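Residue indices begin at 1 and follow the sequence shown. Treat the numbers as computed from the prediction; the structure is a model and nothing was measured.
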Amino acid sequence: MNFSYGYGNETRTFQVPDRNLLCEVTQNQVEVASTGAEAVREALKSPIGTKRLGELVRPGQKIAVITSDITRPCPSHVILPELLRELSKAGVRDEDITVVFALGSHRVHTQEEQMRLVGREVFDRVRCVDAAREDFVHVGVTRAGTPVDIDPVVAGADVRICVGNIEFHYFAGYSGGAKAIMPGVSTRDAIQKNHSKMVLDAARAGNLLENPLRQDIEEAAAMVGVDFILNVVLDEEKKIVKAVAGDLRRAHEAGCAFLDQLYKIRIPARADIVVTTPGGFPKDINLYQAQKALDNAKHAVRDGGIIILAASCREGLGEKVFEQWMLDSPSPEAMIERIGRDFQLGGHKAAAISMVLKRCRILLVSDLEDGFVRNIFLEPFPTVDAALQEAFSSLGEDRRVIFMPHGGSVLPQVQPANQ
């Protein structure tokens with residue numbers, strides 16, 4: 001059977017014999033009322049838990065719109081024109097609106113990248129800036145001890161609007177909502193303190209309400225004050241199939257519930273071999289981002305099995321501390337031991353990859369040099385077909401395969417025997 005998958009800005013193919021295929025993990029079929037910009041307009045007309053945005057803002061107020069950076073697939077160029085239209089109807093002037101790209105710990109953008117993210121119309125209309133690297137405003141400290149130090153534009157705004165897409169997050173439960181504030185426009189120290197809770201059992205994908213790390217994020221955002229959110233859910237083609245707007249918590253929870261219907265996927269059993277890919281650019285821009293597909297794939301592979309990760313990683317590893325941990329550590333086990341006594345942002349993803357390596361081999365199809373891949377404890381292959389050949393040779397020709405073409409989006413769950 002032939003399969004195609006996103007790889008950078010391209011599409012590539014591979015083959016799996018029909019007898020070996022256990023299943024392909026793709027989105028569930030759910031009823032969709034509207035899509036694209038229409039879905040955004042409908043969400044703005046019927047916000048959850050708040051009045052319409054036009055009733056919350058006044059002319060002369062300074063508006064900060066926090067949206068995703070280039071490492072996220074959020075279609076800001078579709079969302080923001082609708083949002084600006086709503087603000088304009090309320091009498092808000094373009095010069096009083098600033099779009100802030102939520103960088104978290106990621107690199108800054110070029111001007112061309114900013115323009116591409118929001119679209120030329122929005123870029124020319126309103127001020128667009130990356131989140132600050134210094135001169136943060138101290139708001140307070142959460143009960144868990146996380147400092148709430150926020151970008152000055154966001155902190156100084158009269159109205160704060162968070163824009164983003166919702167997908168599963170391997171320790172925050174879900175993206176979207178309050179994550180635009182923490183880690184989006186927070187300091188590295190704050191992010192590091194919050195993310196140190198990733199070692200807790202409840203800090204896992206798909207867990208929202210009982211997740212202590214997520215609770216810390218929500219508390220930080222509440223301290224800053226978020227007046228309105230506009231979040232979307234994307235299908236496997238990165239098209240908007242659901243939009244939610246309104247109250248920070250209630251609208252986000254509604255979006256997460258829809259995501260569960262779409263992307264929590266039942267599988268008959270764990271496979272010997274899992275082939276996964278983030279789905280192409282921007283989700284495979286570097287290994288730091290592609291790791292999310294790897295982490296979801298671990299739920300579909302048996303102990304002692306093999307995961308084949310196909311990700312371009314054209315910008316390399318993607319984060320300085322992550323790179324240092326991956327290249328300088330003597331073994332995966334050393335990274336796991338280190339994260340328990342010396343939590344570092346960036347190192348946390350190295351430890352997450354190492355925890356997968358404890359359970360199975362990882363074969364990487366990427367643009368990275370072979371020697372470099374081996375230095376980070378992964379096994380390089382030029383194509384998925386070549387990696388599959390190695391997997392069958394190692395485990396046996398009759399081994400079962402699961403394919404996850406959008407590994408960063410879907411969350412596999414083994415179906416109970418009695419269902």
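In this structure, the side chain of Thr276 does not engage the main chain of Leu309 through any donor-acceptor pair within 3.5 Å. No donor-acceptor distance shorter than 3.5 angstrom exists from the side chain of Asp149 to the backbone of Thr187, with no hydrogens or angles considered. Of the possible polar contacts, one joining the Ser354 side chain to the Ala350 backbone as a donor-acceptor pair under 3.5 Å is found. Listed for the Asn231 side chain is a donor-acceptor partner under 3.5 Å among the backbone atoms of Gly177. No donor-acceptor pair closer than 3.5 Å links the side chain of Ser46 to the backbone N or O of Ala43. Side chain of Arg270 to main chain of Val301: a donor-acceptor pair is present (N/O by atom type, distance under 3.5 Å, no hydrogens or angles). Arg359 places a side-chain N or O within donor-acceptor distance of the main-chain N or O of Lys298, the cut-off being under 3.5 Å. Asn211 contributes a side-chain N or O that, together with a main-chain N or O of Asn207, makes up a donor-acceptor pair within less than 3.5 Å. Side-chain atoms of His109 do not come within 3.5 Å of backbone N or O of Val129 as any donor-acceptor pair. Without hydrogens or angle criteria, Thr277 side chain to Gly279 main chain gives a donor-acceptor distance under 3.5 Å.
Asp124 and Arg120 are joined by a salt bridge, as a carboxylate oxygen and a charged side-chain nitrogen come within less than 4.0 angstrom of each other. Ion pairing between a basic and an acidic side chain is recognised when a charged N comes within 4.0 Å of a carboxylate O; Lys45 and Glu42 show such pairing. Glu86 and Arg52 are joined by a salt bridge, as a carboxylate oxygen and a charged side-chain nitrogen come within less than 4.0 angstrom of each other. By the 4.0 Å N-to-carboxylate-O rule, Arg143 lies close enough to Glu219 to be salt-bridged with it. By the 4.0 Å N-to-carboxylate-O rule, Arg400 lies too far from Asp272 to be salt-bridged with it. Classification of Glu397 and Arg399 as a salt-bridged pair fails, no side-chain N sitting under 4.0 Å from a carboxylate O. In summary, Arg85 and Glu82 engage in a salt bridge, as defined by a charged side-chain N under 4.0 Å from a carboxylate O. Ion pairing between a basic and an acidic side chain is recognised when a charged N comes within 4.0 Å of a carboxylate O; Lys292 and Asp295 show no such pairing. The residues Lys283 and Glu167 are annotated as salt-bridged, a charged nitrogen and a carboxylate oxygen being separated by less than 4.0 angstrom.
Rounded to the nearest 0.5 angstrom, Asn165 CG and Ser68 OG are separated by 5.5 Å. Atom CG of residue Asp94 and atom CG of residue Leu87 lie 9.0 Å apart, to the nearest 0.5 angstrom. Taken from OG1 in Thr110 to CE in Met115, the straight-line distance is 9.0 Å, to the nearest 0.5 Å. Taking OG of Ser409 as the start and CD of Gln27 as the end, the distance is 9.0 Å to the nearest 0.5 Å.
Screening Asn194, Leu200, Thr146 against Leu213 for a side-chain contact (heavy atoms from CB on, under 4.5 Å) leaves a single residue, Asn194.
The aromatic rings of Phe403 and Tyr5 stand perpendicular to each other, their planes meeting at an angle above 60°, with 30° marking the opposite boundary.
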| request: Go through the steps for Met335 and Met355 under the test side-chain contact (heavy atoms from CB on, under 4.5 Å), then give the verdict. | output: CA-CA 9 Å; Met335 288 186 270; Met355 292 173 71; over 6 Å; no

| query | Does the pair Lys349 and Glu319 meet the rule for a salt bridge (charged side-chain N to carboxylate O under 4.0 Å, His left out), with working shown? | reply | CA-CA 10 Å; Lys349 286 209 175 187; Glu319 203 276 339; over 6 Å; no

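Within 6.0 Å of the CD atom in Glu210, the count of heavy atoms belonging to other residues, nucleotides or ligands does not exceed 12. Annotation for Glu337: atom CD counts as buried by contact number, over 12 foreign heavy atoms lying within 6.0 Å. The 12-atom threshold is not exceeded at CG of Asp201, counting heavy atoms of other residues, nucleotides or ligands nearer than 6.0 Å.
Side-chain N/O atoms of Gln114 and Asp130 include a donor and acceptor closer than 3.5 Å. In this structure, a donor-acceptor pair under 3.5 Å is present between the side chains of Ser312 and Asp367. Looking only at atom types and distance, the side chain of Arg361 has a donor-acceptor partner in the side chain of Ser394 under 3.5 Å away. Between Asn286 and Arg107, the side chains place no donor N or O within less than 3.5 Å of an acceptor N or O (distance only, hydrogens not considered). Remark: the Thr13 side chain and the Asn2 side chain contain no N/O donor-acceptor pair separated by less than 3.5 Å. Counting only N and O atoms by type, the side chains of Gln261 and Lys264 include no donor and acceptor under 3.5 Å apart. Side-chain contact annotation: Tyr174 with Asp260, donor-acceptor N/O pair under 3.5 Å present.
Heavy atoms only, all atoms of each residue included: Gly176 and Ile166 are closest at CA-CG1, 4.3 Å. Nearest heavy-atom pair, Ala39 versus Ser34, reported as atom, atom and distance to 0.1 Å: CA-OG, 3.3 Å. Scanning all heavy atoms of the two residues, the minimum distance from Ile273 to Ala391 falls at CD1-CB, 3.6 Å.
Residue pairs meeting the ring-ring contact (aromatic ring centres under 6.0 Å, His included) criterion with at least one member in residues 189-232, sequence neighbours excluded, are Phe171-His195, His195-His348.
Applying the ring pair (Phe, Tyr, Trp, His ring centres under 6.0 Å) rule to Phe136 yields no partners; only residues at least two apart in sequence or on another chain are considered.
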Return a table of donor-acceptor pairs under 3.5 angstrom between the side chains of residues 238-250 and protein atoms on other chains or two or more places apart.
{"from": "Lys238", "atom 1": "NZ", "to": "Phe281", "atom 2": "O", "distance (Å)": "2.5"}
{"from": "Asp247", "atom 1": "OD2", "to": "Arg249", "atom 2": "N", "distance (Å)": "3.2"}
{"from": "Asp247", "atom 1": "OD2", "to": "Arg250", "atom 2": "N", "distance (Å)": "2.9"}

